[in-house]
Amino acid sequence: MALERLDRILAGSQAVSGLAFSGFTLLHLAGHASSILSFSLADTALYAFREIYQDPIVEPLLIGGCLIAHITASAGRVALRFVRKNARAQKSVKDDDDRRGDRKPKDGHSPAFTLALRELKLHRLSGYVVGVAILGHIYAARLVPLRVLPDPSIIDLTFITYGLQQSPLLYFPYYTIFSTAALYHTLYGIPQALSFLGLWSPKRKFKPGRWTKVMMASAGLMIATVIALGGQFEDIAIPLASKWAYLSAQI
């Protein structure tokens, strides 16, 4: 009972922090995705949205605090799943010893259940990817510029363009996987969190297979976004290329 209670507390923290952080994630990715239409539009959106999420109170408390809380709660729930899995395995071994093969084989799961379980596992996997990748992103995009640039606010989307053009084999997969995982994890997680908090009707469940389509759409959108940011849809001038080279050398 203690483990179930702890898991529910962690799930509540995970839901609230995830919902709060999802606003930043969707805003950030939407701004970048607008580069498909126009790079200048995306750059303008970047500066406009920064006024919101780089506020001296919003960034450390709402964004940073929610990120830490979400990762901590998620890690705690992973640990609890591991503990319960080991407990079930030990109980299964004991039951086998007691019954000596008298147990009947379990019925197979339905295709719909198997698909829904796969989509849930994909949600969890995308969370692991984001949890690792975002640490590097924070270091490269926020901490290093704050340390080495007199005015870190000069960073615009051409910094991403510079990286994609100089090291495409590194940054194209990185940005594509990171952004796709972030978008899918967020979209899947929002109704789950709302449902846990009692703000989403249980009758409004998504049919198995729907999230697979969302994953594919997310991947397509983010691939197009990274291609656009790399300057494949239009010529992108990089007037601060020398600064980006210096900044990249510090990462």
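Just so it is clear, the structure is predicted and the values come from calculations on it, not from any experiment.
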Give the ring-plane orientation class for Tyr53 versus His28, where under 30° counts as parallel, over 60° as perpendicular and anything between as tilted.
-> perpendicular
Side chain to side chain contact (heavy atoms under 4.5 Å, CB included) between Arg77 and Arg81, worked out = CA-CA 6 Å; Arg77 298 195 73 197; Arg81 283 199 297 270; 4.3 Å; yes
Could you tell me whether a side-chain N or O of Ser167 sits under 3.5 Å from a main-chain N or O of Leu170, the two making a donor and an acceptor?
-> no
Going from CE on Met222 to CD1 on Ile36, what distance comes out if it is rounded to the nearest 0.5 angstrom?
-> 6.5 Å
Same cluster (ILVMFWY, side-chain, under 4.5 Å), Tyr246 and Leu157 | yes
Applying the 4.5 Å side-chain criterion to the ILVMFWY set and letting contacts propagate, would Leu41 and Ile160 be lumped into a single cluster?
-> no
Side-chain contact test, heavy atoms from C-beta onward, threshold under 4.5 Å: evaluate it for Thr186 versus Leu29 and give yes or no.
-> no
Between CG of Leu183 and OH of Tyr188, what distance do you get to the nearest 0.5 Å?
-> 15.0 Å
Nearest heavy-atom pair of Ile134 and Phe178: which atoms, and what distance?
-> CA-CZ, 3.8 Å
Do the side chains of Glu234 and Phe39 get nearer than 4.5 Å, heavy atoms only?
-> yes
Side chain of Arg50, backbone of Ser153: donor and acceptor closer than 3.5 Å?
-> yes
Counterpart residues, side-chain contact (heavy atoms from CB on, under 4.5 Å), relative to Glu59 (two or more places apart) = Gln54, Arg142
Can you say whether the rings of Phe206 and Trp200 are parallel (under 30°), tilted (30 to 60°) or perpendicular (over 60°)?
-> parallel
Find the distance between OG (Ser40) and CG (Asp156) and round it off to the nearest 0.5 Å.
-> 11.5 Å
Side-chain touch Val226/His32, heavy atoms, less than 4.5 angstrom | no
In this structure, OG of Ser126 is separated from CD1 of Ile177 (nearest 0.5 Å) by 12.5 Å
If you count the non-hydrogen atoms of other residues, nucleotides and ligands that lie under 6.0 Å from CZ in Arg8, is the total more than 12?
-> no
Tell me, yes or no, whether the heavy-atom count around Ile57 atom CD1, taken from other residues, nucleotides or ligands under 6.0 Å, exceeds 12.
-> no
Closest heavy-atom pair and its distance - Ile155, Ala141 = CD1-O, 4.3 Å
Taking atom CG of Asp235 as the centre, report whether more than 12 heavy atoms of other residues, nucleotides or ligands fall under 6.0 Å from it.
-> no
In terms of heavy-atom contacts, Tyr174 and Gly136 come closest through OH-C, 4.2 Å
Examine Phe24 together with Phe21 and report whether their ring centres are nearer than 6.0 Å.
-> yes
N/O donor-acceptor pair under 3.5 Å between Thr161 side chain and Gly230 backbone = no
So how far is it from Leu115 CG to Leu120 CG, rounded to the nearest 0.5 Å?
-> 11.5 Å
Could you check whether the rings of His185 and His123 sit parallel, tilted or perpendicular, using 30° and 60° as the cut-offs?
-> parallel
Value rounded to 0.5 Å, distance of CD1 in Ile236 from CG in Leu229 = 7.0 Å
Could you pull out the closest heavy-atom pair between Cys66 and Ser17, with the gap in Å?
-> O-CB, 3.5 Å
Do Tyr128 and Ser74 have side-chain heavy atoms sitting under 4.5 Å apart?
-> no
Decide yes or no for Leu26 and Ile190: does some side-chain heavy atom of the first lie under 4.5 Å from some side-chain heavy atom of the second?
-> yes
Spell out, yes or no, whether Leu143 and Phe159 are grouped together once hydrophobic residues are joined by side-chain heavy atoms under 4.5 Å, including indirect joins.
-> yes
Which pair of non-hydrogen atoms, one from Tyr139 and one from Pro145, has the smallest distance, and what is that distance?
-> O-CD, 4.2 Å
Between Ile238 and Trp244, which heavy-atom pair has the shortest distance, and what is it?
-> CG2-CD1, 3.6 Å
Do the side chains of Ile251 and Phe172 join up, straight or via other hydrophobic residues, at under 4.5 Å, putting them in one cluster?
-> yes
